[in-house]
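Quick notes on the structure that follows.
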Protein chains: 2
Amino acid sequence: MSEDPRPRRRQARGERRISQLLQAAADVFCANGYTAASTNAIAREAKVSPGTLYQYFPNKEAIAIELGGRLIHQMRETHGQVFTPENLSLPLPELIDAVLDPMVEFNCANPAFLALMHGSEVPGRIAEEHDELHASLLSQVRETIRAQAVPPLSPEELDRVADMAFAVFKGGLALIVAAPEGPVRDAAVAELKKVMLRYLSPIVGGAGPGTDPAAPAPAAL
Amino acid sequence: MSEDPRPRRRQARGERRISQLLQAAADVFCANGYTAASTNAIAREAKVSPGTLYQYFPNKEAIAIELGGRLIHQMRETHGQVFTPENLSLPLPELIDAVLDPMVEFNCANPAFLALMHGSEVPGRIAEEHDELHASLLSQVRETIRAQAVPPLSPEELDRVADMAFAVFKGGLALIVAAPEGPVRDAAVAELKKVMLRYLSPIVGGAGPGTDPAAPAPAAL
DNA sequence: GGCAAATACGAGTGATCGCTCGCACAATCC
DNA sequence: GGATTGTGCGAGCGATCACTCGTATTTGCC
């Protein structure tokens, strides 16, 4: 609750150590989970002594807080550029590309994000921030679907569809990040896009079977 | 390793204690995760002393092994009754009902299953058994889709579709078990069925938009 | 160079956890 | 009843973990 009036002068070396420690923490959290990750292991991974670690973080929880905070911040920047007014009125296939691609890229580049956000073992502060982010993302998804839905959905339906679209995305995302980098992962991304497109098409396209009423056997790609 | 030639005579009271301890372990694992769950907490939850707990389990891992084993066994029984030859040729909507309903029911009734199977913190033995179960389920899904696909899918496509269908189901399942029991959960289940139906329809129905009710009288069983 | 602050160290401390052990009670068999 | 064995207890042991502290080194500033 109290601001600290002495913001602790940091030298460049200190900032570097912090990044180094957070990177090490990300690796260890990712490999073993939050609870099983020991602060000594994090320090060892960062090639520093336990004492040095505690020079920059008051306790283990603070490490997760800071790491989670930075990841959430990056994620917010990512999805801030994703749900733009222009994207909002894009045709569905392009909209799905525009939304999924950055999300997939971020989560593949930062596996610690999912590891930290998912466990029920994480300290309460992280869980709170994650809930906020989740709610924020969800409302963006909801507004996007609302903007696209023809005819308009009832509020209850809108909630259900947004919740399910997000949950399904998360399920597919887990498959994608688990896939080996390369063509296999790309194919998985394409497949998830198919799921989303087929699920949402009837909602945006009125009663039609798909967004593209042309060729009955598209089977492209 | 070595079979034990002395299968340790158990009295009825002992069997009851074991069930009691496993139930307590399920609750504690579910609430705190495997690593954070202490054996003393499990014993306390079961209203017995730590010594009593260790009368029936050699160590903490064995508790998770036994609990996971029992849950996996139940799950196998469930999905053994799900993927039957009769169900294999069911129309898609009925097939989805037949597969999803028991799976959803099981996971809602046994939240410890997901809690135990999901963490990367669980002992290696559980992870192995879970991988086996996962592979088994996946192959059942694959065979079902293969039986339904018109025209037949290439092996690579079949793998991708089965993987994605399963991953998407798991994502939706997480939403469902998190939903409060009652109409909200039922609506979520119905919504997940929509996702699966819309995703798989183009695969089974050839070019058709949805489940073509061409065969009006399947009426078997 | 000289000083103060920041950085780095790593053995050590208290707490917690998995697990043990000695002993008492209860059930079963003869 | 006596013998044997399963059941139950809970204080306590060794290991591990989060975290500290006294001290040595490096950096920024004059």
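Residue numbers start from 1 in every chain, and the chains themselves are labelled A, B, ... in the order their sequence lines are given, proteins ahead of strands.
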| query | Rounded to whole angstrom units, what separation is found between the CD atom of B:Gln55 and the P atom of D:dG10? | reply | 14 Å

| said: Using the salt bridge (charged side-chain N to carboxylate O under 4.0 Å, His left out) criterion, which residues pair with A:Arg70? Sequence neighbours excluded. | reply: A:Glu66

| task | List in chain and number order the residues that pass salt bridge (charged side-chain N to carboxylate O under 4.0 Å, His left out) with B:Arg125, two or more places apart in sequence or in another chain; answer none if no residue qualifies. | result | B:Glu129

| field | Which residues share a side chain to side chain donor-acceptor pair (under 3.5 Å) with A:Glu61, sequence neighbours left out | value | none

| Counting just side-chain N and O atoms, does B:Arg17 come under 4.0 Å of either OP1 or OP2 of D:dT7? | no

| field | Set of salt bridge (charged side-chain N to carboxylate O under 4.0 Å, His left out) partners for A:Asp186, sequence neighbours left out | value | none

| message | From CG of B:Leu53 over to P of C:dG18, roughly how many Å is that when rounded to an integer? | response | 10 Å

| said: Can you measure A:Leu21 atom CG to C:dC9 atom P for me and round it to whole angstrom units? | reply: 10 Å

| field | Protein-nucleotide distance (A:Arg16, atom CZ; C:dA6, atom P), rounded to Å | value | 17 Å

| note | Across all chains, not counting sequence neighbours, the side chain to side chain contact (heavy atoms under 4.5 Å, CB included) partners of B:Tyr54 are B:Thr39

| Between A:Arg10 and C:dA6, is there a side-chain N or O to OP1/OP2 distance below 4.0 Å? | no

| query | NA contact type, B:Phe57, heavy-atom cut-off 4.0 Å: base, sugar-phosphate, or nothing? | reply | nothing

| task | Return yes when atom NE2 of B:His73 has more than 12 non-hydrogen atoms of other residues, nucleotides or ligands closer than 6.0 Å, and no otherwise. | result | no

| Rounded to the nearest Å, what distance is computed from the CZ atom of residue A:Arg44 to the P atom of nucleotide C:dA8? | 19 Å

| task | List the protein contact pattern of nucleotides 14-26 of chain D with one symbol per nucleotide (5' to 3'): B for base contact, S for sugar-phosphate-only contact, - for none; contact means a heavy-atom distance under 4.0 Å. | result | ----SBB------

